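Both counts, for ligands and for their atoms, begin at 1 and track the order of listing. When reading the values below, keep in mind they use all heavy atoms of this one structure, side chains included, and skip hydrogens, waters and symmetry mates. Nothing here was measured: the structure is a model prediction, and the numbers come from that model.
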Amino acid sequence: MLKGCTPWPKEFAARYMAQGYWENVTLGDMLDRSAWYFPKREALVGTSPVLGEVRDTYADLRKKVDRLAFHLLRIGLKPLDRVILQMPNIPEFVYIYFALQKIGAIPVMSLPPHRLSEVGYIAQHTEAKGYVIPSEFRNFNYLELAKDVQAQAPTLGCVMVAGTEAPSGTVALAELLERPVEDQYPRDQLRSLRPEPTEVAVFQLSGGTTGRQKVIPHTHNDYVCCCKFSAFRVAHSQYSAFLASAPVAHNFSLTAPGLHGTIYYGGKTVLALNPDPETVLSLVEAERVTYMNGVPTMIINWLNALEGAHYDLSSVQVIAGGGFRVNVELGRRAKEKLGFNIQQNFGMGEGFHTCTRLDDLEEVILETQGRPLTPGDEFKVMDDNGVEVPVGEMGELWGRGPTVVRGYYNAEEHNREAYGPEGFYKTGDMVIQDDRGNLIVEGRKKDMINRGGEKISAEEVESLIMGHPSVLTTAVVAMPDPVFGEKSCAYVILHPGKTLEFEELKEFLMNKQIAKFKLPERLEVVDELPLTSVGKISKIELRKDIAEKLEST
Ligand code: AMP
């Protein structure tokens, strides 16, 4: 396994293989297998500004991927090279993602809202060789960003652009996709580059726990396992049509079951470029979508849109909600409107997942986040002293299993904190296990804000705010929000005689080039901050304070 990553201990790896969780199959093999079984079935539907509307069969998809893989070798990419993908939901994402898989290079899953602060750091930390971007998306110029990232990360030699404009020094993806492969068809060469399934397939980024983002190395074996079981839990088959409306780079849309799980079973993936209800619901109708997923904010928007207009959603069999708790009221409303229950999912980039089963009792589906994905998963609910609490009591969830990675990339010190004895990952989520074995997510121990599924590390934003000359100290906490569930609020104490306006703070942070969703959405200037008995800032008190303030306005 790549240096800097933690493999599963031998006895666990042997067990996961013997019990069939791991199949010794790579993500590239998975595509080849479906192309072999279902060459004429539709695999991918999507649009991009350059390619227009795309409709690929499995045979088409495989051919484009293999051709691109061959060209990637020609332009100098090699096995285990890291390549940052920062792409919207366009077909080029799928082509380059699988082409990288075919040559054993490692895609690093950045998201479109990331800016220099995030991408620059990730490029340095992963020593990325390549960076794939649109030229422009949602009025943001990624070409400019790429120049800044290159200035920070000397390893980053190859910028590939999915856009109408690919300036000199960059590679136009569309041109590579078009360029014929001279000589012999490269399949044999690609076969010789097939990575070991125990090797890293993808670098996923952590949702934000402490400080900077952590890099999560997923192997082929664990990612294939995750997508296979997630797809099984939603009864995927070659007749399934998955609509990806959240970023396809995120675990939920990539592998739970997402793009991977749909390919595993030979179904069709439909990419929505924008998550607005009009785009999404029209695609559901036109493509006869059977499975879709989203964070609660998105599901609420879809339900609201259905109040005012008619869309034929009769093909839909499962809507999966996750990333944030789907509360009972939303579940009931969805059932009333759609005639079926929202499947609950709880999971994280590090790979531990739970979900409700389609045939669970209604109360289980409405009130819990279900059970672990595979029978090979193990979990404990722990108190602050590292002692397991009884069923029915709240504690921190610790998990391990065939889909849960054993350590972050190049983060030895952090790994010692993030993992308990015997390789259990400490999720930082507070849960209760009910007497049927279902988990209910009650809150969080980790210092993170969950803004409608987008995760914000409080510590990261606090350290930036501390750079403002007027600020003496700060604490960033979650405040309740009816649409996003949570937004972030910054409490600050100023240096004597200084002032700070909210707009000024936002501008200061924007100049640090951070993703916009990380900006605080309220500023509270105070004279003192409440402390815990051990003298730390009490975020519990601050969350209570801001919730009360919002309640009373
Ligand atoms: P990410 O790694 O971005 O997927 O974020 C993972 C985190 O999102 C988890 O550790 C939880 O804190 C939160 N999360 C995910 N799903 C749920 C859910 N269904 N209910 C509550 N929190 C969730």
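- For atom 14 (N) of ligand 1, the nearest non-hydrogen atom of the protein is Gly323 O, 3.4 Å.
- Considering backbone and side-chain N/O atoms, Arg444 never comes within less than 3.5 Å of an N/O atom of ligand 1.
- At a 4.0 Å cut-off, not a single heavy atom of Glu454 sits close enough to ligand 1 to count as contact.
- Classified by interplanar angle (parallel below 30°, tilted 30° to 60°, perpendicular above 60°), the ring pair Tyr419/Tyr408 is perpendicular.
- When only interatomic distances are considered, the shortest N/O to N/O separation between Val441 and ligand 1 does not fall below 3.5 Å.
- The option from Phe324, Phe352, Phe252 that lies nearest to atom 18 (C) of ligand 1, judged by heavy atoms, is Phe324.
- Protein heavy atom closest to atom 19 (N) of ligand 1, with residue, atom name and distance, is Asn345 O, 2.7 Å.
- Cation-pi check for Arg451 over Phe517 is not met; the charged atom does not lie both under 6.0 angstrom from the ring centroid and within 45 degrees of its normal.
- At the top of the distance list for atom 12 (O) of ligand 1, counting protein heavy atoms only, stands Asp429 OD1, 2.5 Å.
- The nearest heavy-atom contact from the protein to atom 2 (O) of ligand 1 is Gly349 N, 2.8 Å.
- Considering backbone and side-chain N/O of Arg325, one or more are found under 3.5 Å from N/O of ligand 1.
- An N or O contact shorter than 3.5 Å is missing between Gly322 and ligand 1 by distance.
- Note that NZ of Lys487 is 10.0 Å distant from CG of Leu550, once rounded to the nearest 0.5 Å.
- A cation-pi arrangement is found for Lys380 relative to Phe424, the charged atom lying closer than 6.0 Å to the ring centre and inside a 45° cone about the ring normal.
- Where the criterion is an N or O separation shorter than 3.5 Å, residue side chain and backbone included, His250 meets it with respect to ligand 1.
- The shell of residues lying under 4.0 angstrom from ligand 1, judged by heavy atoms, excludes Ser206.
- Taking the centre of each ring, Phe484 and Phe324 stay at or above the 6.0 Å mark.
- The shortest N or O to N or O distance between Thr427 and ligand 1 is not under 3.5 Å.
- In terms of modelled atom types and a separation under 3.5 Å, the side chain of Arg233 and the main chain of Cys355 share no donor-acceptor contact.
- The aromatic rings of Tyr409 and His125 stand perpendicular to each other, their planes meeting at an angle above 60°, with 30° marking the opposite boundary.
- Below 3.5 Å of separation, one finds an N or O of Lys455 facing an N or O of ligand 1.
- With a 4.0 Å heavy-atom cut-off, ligand 1 is reached by the side chain of Met448 but not by its N, CA, C or O.
- Aromatic rings from His353 and Phe346 are positioned such that their centres are separated by 6.0 Å or more.
- Using a 4.0 Å cut-off between heavy atoms, Val326 makes no contact with ligand 1 at all.
- Listed here is the closest heavy atom pair of Val202 and Gln101: CG2-NE2, 3.6 Å.
- Between Tyr142 and Phe140, a ring centre-to-centre spacing shorter than 6.0 Å is recorded.
- Checked against a 6.0 Å centroid threshold, the rings of Tyr97 and His260 count as neighbours.
- Numbered from 1 in the order shown, with element, the atoms of ligand 1 that lie under 4.0 Å from a heavy atom of Lys446 read 9 (C), 10 (O), 12 (O).
- Under the side chain to side chain donor-acceptor pair (under 3.5 Å) criterion, Asn89 pairs with no residue, sequence neighbours left out.
- Residue, atom and distance of the protein heavy atom nearest to atom 6 (C) of ligand 1 are Gly347 O, 3.3 Å.
- Judged by the shortest distance from any of its heavy atoms, Asn251 lies outside the 4.0 Å radius around the atoms of ligand 1.
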